[in-house]
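Notes for the one structure printed next.
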Amino acid sequence: MDRRRLGSEGLEVSEIGLGCMGMSEFYGTGDEDESIATIGRAIDLGVTFLDTADMYGPFTNERLVGKAIQGRREEVELATKFGNVRGEDGSFLGVSGKPEYVRECCDASLRRLGVDHIDLYYQHRVDPETPIEETVGAMKELVEAGKVRYLGLSEAGIETIRRAHAVHPISALQSEYSLFTRDVEDDTLPALRELGIGFVPYSPLGRGFLTGRFKSIEDMPEDDTRSARFPRFAEENFMKNVELADRVREVAEGKGVTPGQLALAWLLAQGGDIAPIPGTKRRKYLEENAGAADVELTEDDLRRIEEAMPRGSAAGERYSEEMMRAVGR
């Protein structure tokens with residue numbers, strides 16, 4: 001597993017990371033023992049860039065990740081996020097970037113993770129009621145206090161990124177990017193490269209579509225919330241997106257790799273400043289994802305992938321209308 005540099009401040013991470021959210025919420029029932037074993041196996045394979053957030057669970061995912069890395073803290077690059085406010089009962093209470101909230105969240109995350117510093121601390125969503133300068137100013141204080149090493153933003157708009165970067169160097173932007181979702185190619189990626197900021201794609205496998213796992217809507221577990229939260233999983237869009245994923249699978253079979261490996265290799269080929277974080281809660285799929293680092297794509301491969309899934313061909317928006325209002329601020 002090679003390493004990649006994100007930003008200009010010195011942050012280096014594994015070229016493929018591990019999104020831990022699904023181990024605790026949203027994607028069906030988790031198994032803590034298997035999740036912990038998956039994180040341990042990830043570190044063994046060199047997948048050391050671990051991504052969590054205080055809202056996942058809520059609050060339980062950080063504890064799980066902290067438990068999994070006990071005794072191995074110095075082997076990982078630990079990223080977590082604040083900003084999406086949730087109650088202990090799981091209710092969603094809005095977004096906050098208020099300086100006092102930033103400080104409180106960081107201290108709480110450190111406690112749950114059982115560590116003395118966070119490697120990459122993101123604002124999960126931008127608070128429209130709090131100037132980004134105030135939020136990042138508080139995050140800068142965390143760096144100066146030694147609680148955080150590098151700063152990131154998630155789903156922020158370009159002007160917000162520029163204003164944040166003027167307060168303190170931003171090392172990474174996290175946003176959705178995959179063969180299904182390529183909006184960032186227009187303006188965001190060029191702006192990040194102009195500023196020297198790395199990019200961390202989440203949902204790089206189209207929330208599971210690009211693995212070829214789903215054949216019909218009946219394949220979705222009853223306790224999986226994807227169909228309720230994401231229009232691409234809605235009944236009217238589901239089979240159209242399965243058909244697109246099948247085209248990618250055909251290209252992958254011709255290459256002798258899995259569809260998920262092809263999709264991740266495509267992302268890695270988009271630039272050396274990109275480090276995707278595919279999520280899984282099982283060792284089997286983790287090992288498959290890690291294998292994407294060994295897949296080399298030729299120009300002909302890239303052309304065939306583009307033909308199989310042209311940009312903008314996914315059916316449905318990536319988020320509900322309400323959730324889309326919280327991105328790109």
Side-chain angles (χ1 to χ4, degrees), residues 1-2 4 13-22 27 38 42 45 47 49 51 174-185 188-189 199-215 219-220 226 230 232-233 237-319:
M1 185 67 60
D2 288 338
R4 292 193 167 187
V13 301
S14 57
E15 61 182 333
I16 295 176
L18 174 60
C20 299
M21 179 191 76
Y27 289 0
T38 298
L45 293 172
V47 178
F49 186 25
D51 184 89
Q174 183 177 129
S175 189
E176 188 170 351
Y177 186 30
S178 72
L179 285 168
F180 264 39
T181 301
R182 296 175 57 178
D183 303 12
V184 296
E185 294 174 351
T188 302
L189 274 175
F199 187 65
V200 178
Y202 70 81
S203 298
L205 297 174
R207 302 188 188 278
F209 270 123
L210 290 168
T211 66
R213 170 187 173 189
F214 304 121
K215 299 302 180 186
D219 291 337
M220 301 295 295
R226 273 174 279 203
F230 308 115
R232 288 174 183 168
F233 285 83
N237 297 322
F238 196 92
M239 290 311 300
K240 297 175 185 176
N241 290 324
V242 168
E243 290 171 9
L244 287 171
D246 283 344
R247 295 183 199 170
V248 174
R249 175 181 51 76
E250 291 172 4
V251 177
E253 288 175 351
K255 183 75 175 173
V257 300
T258 70
Q261 288 172 335
L262 188 80
L264 289 173
W266 177 85
L267 266 179
L268 292 174
Q270 303 311 302
D273 53 353
I274 294 174
I277 49 168
T280 185
K281 49 192 174 184
R282 297 181 180 88
R283 282 168 285 183
K284 172 186 175 182
Y285 299 121
L286 166 82
E287 291 169 355
E288 177 184 323
N289 292 342
D294 296 324
V295 178
E296 295 185 9
L297 299 180
T298 65
E299 289 299 319
D300 186 56
D301 292 329
L302 293 170
R303 177 187 58 78
R304 293 179 66 214
I305 294 169
E306 189 73 26
E307 290 173 352
M309 185 174 283
R311 180 179 162 171
S313 55
E317 291 291 335
R318 64 188 181 100
Y319 280 129

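Just the heavy atoms: all of them, side chains too, but no hydrogens, waters or symmetry mates, feed the values below. All figures in this text were calculated on a predicted structure; none of them were measured in a lab.
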Practice prompt. Could you tell me whether a side-chain N or O of N241 sits under 3.5 Å from a main-chain N or O of A315, the two making a donor and an acceptor?
Written response: yes
Item to complete: Check whether any side-chain heavy atom of V200 lies under 4.5 Å from a side-chain heavy atom of P276, and answer yes or no.
Response: no
Practice prompt. Evaluate the criterion side chain to side chain contact (heavy atoms under 4.5 Å, CB included) for residue pair L179 and I305; output intermediate values, then yes/no.
Written response: CA-CA 9 Å; L179 285 168; I305 294 169; 3.6 Å; yes
Practice prompt. Supply the atom-to-atom distance R232 CZ to K240 NZ, rounded to the nearest 0.5 angstrom.
Written response: 13.0 Å
Practice prompt. Quick one: closest heavy-atom pair of K215 and R249, and the distance?
Written response: NZ-NE, 3.9 Å
Discussion item. Is a donor from one side chain sitting under 3.5 angstrom from an acceptor on the other, for D51 and Q174?
Written reply: yes
Practice prompt. May I ask you to decide if W266's main-chain N or O and Q270's side chain share a donor-acceptor pair within less than 3.5 Å?
Written response: yes
Worksheet item: Is the side chain of D301 donor-acceptor paired with the backbone N or O of T298 at a distance under 3.5 Å, no angle test?
Response: yes
Discussion item. I'd like to check F230 versus R207 (side-chain heavy atoms, cut-off strictly below 4.5 Å). Are they in contact?
Written reply: yes
Worksheet entry | Non-neighbouring partners of Y202 that pass ring pair (Phe, Tyr, Trp, His ring centres under 6.0 Å), sequence neighbours left out | none
Worksheet entry | Which atom of L286 lies closest to which atom of A42, heavy atoms considered | CD2-N, 3.3 Å
Practice prompt. Nearest 0.5 Å please: distance from the CG atom of L264 over to the OG1 atom of T258.
Written response: 8.0 Å
Fill in: Residues forming a ring pair (Phe, Tyr, Trp, His ring centres under 6.0 Å) with F209, sequence neighbours excluded
F180, F214, F233, F238
Worksheet entry | Working for side chain to side chain contact (heavy atoms under 4.5 Å, CB included), residues I277 and L18 | CA-CA 5 Å; I277 49 168; L18 174 60; over 6 Å; no
Worksheet entry | Backbone of L268 reached by a side-chain donor or acceptor of R4 within 3.5 Å | yes
Discussion item. Let me confirm one number: the CG-CD distance from L302 to E307, rounded to the nearest 0.5 Å.
Written reply: 11.5 Å
Worksheet item: What distance separates C20 SG from K281 NZ, expressed to the nearest 0.5 Å?
Response: 12.5 Å
Discussion item. For the CD atom on E317, are there more than 12 heavy atoms of other groups (residues, nucleotides or ligands in this structure) within a distance under 6.0 Å?
Written reply: no
Worksheet item: Who are the side chain to side chain contact (heavy atoms under 4.5 Å, CB included) partners of T211, not counting sequence neighbours?
Response: L205, R213
Fill in: Between CG on residue D246 and CG on residue L244, distance to nearest 0.5 Å
9.0 Å
Worksheet entry | Minimum heavy-atom distance between E15 and A293, given as atom pair plus value | OE2-CB, 3.4 Å
Discussion item. If I take atom CG from residue L189 and atom CG from residue D273, how far apart are they, to the nearest 0.5 angstrom?
Written reply: 7.0 Å
Fill in: Steps toward side chain to side chain contact (heavy atoms under 4.5 Å, CB included) verdict (L297, L262)
CA-CA 8 Å; L297 299 180; L262 188 80; 3.9 Å; yes
Worksheet entry | Residue pair P278 / N289: nearest heavy atoms and the distance that separates them | CB-ND2, 3.7 Å
Worksheet item: Name the one of E306, M309, R304 that satisfies side chain to side chain contact (heavy atoms under 4.5 Å, CB included) with V251?
Response: R304
Worksheet item: Can you name the nearest heavy-atom pair linking P259 to L210, along with the distance?
Response: CB-O, 3.2 Å
Worksheet item: At their closest point, which heavy atom of P204 faces which heavy atom of S178, and how far apart are they?
Response: O-CB, 3.3 Å
Practice prompt. Could you check if a side-chain atom of F199 sits within less than 4.5 angstrom of a side-chain atom of V184, using non-hydrogen atoms only?
Written response: yes
Worksheet item: Should the pair R182-E185 be classified as a salt bridge under the 4.0 Å nitrogen-to-oxygen rule?
Response: yes
Worksheet item: Just by distance, with hydrogens left out, do E176 and S203 show a side-chain donor and acceptor under 3.5 Å apart?
Response: no
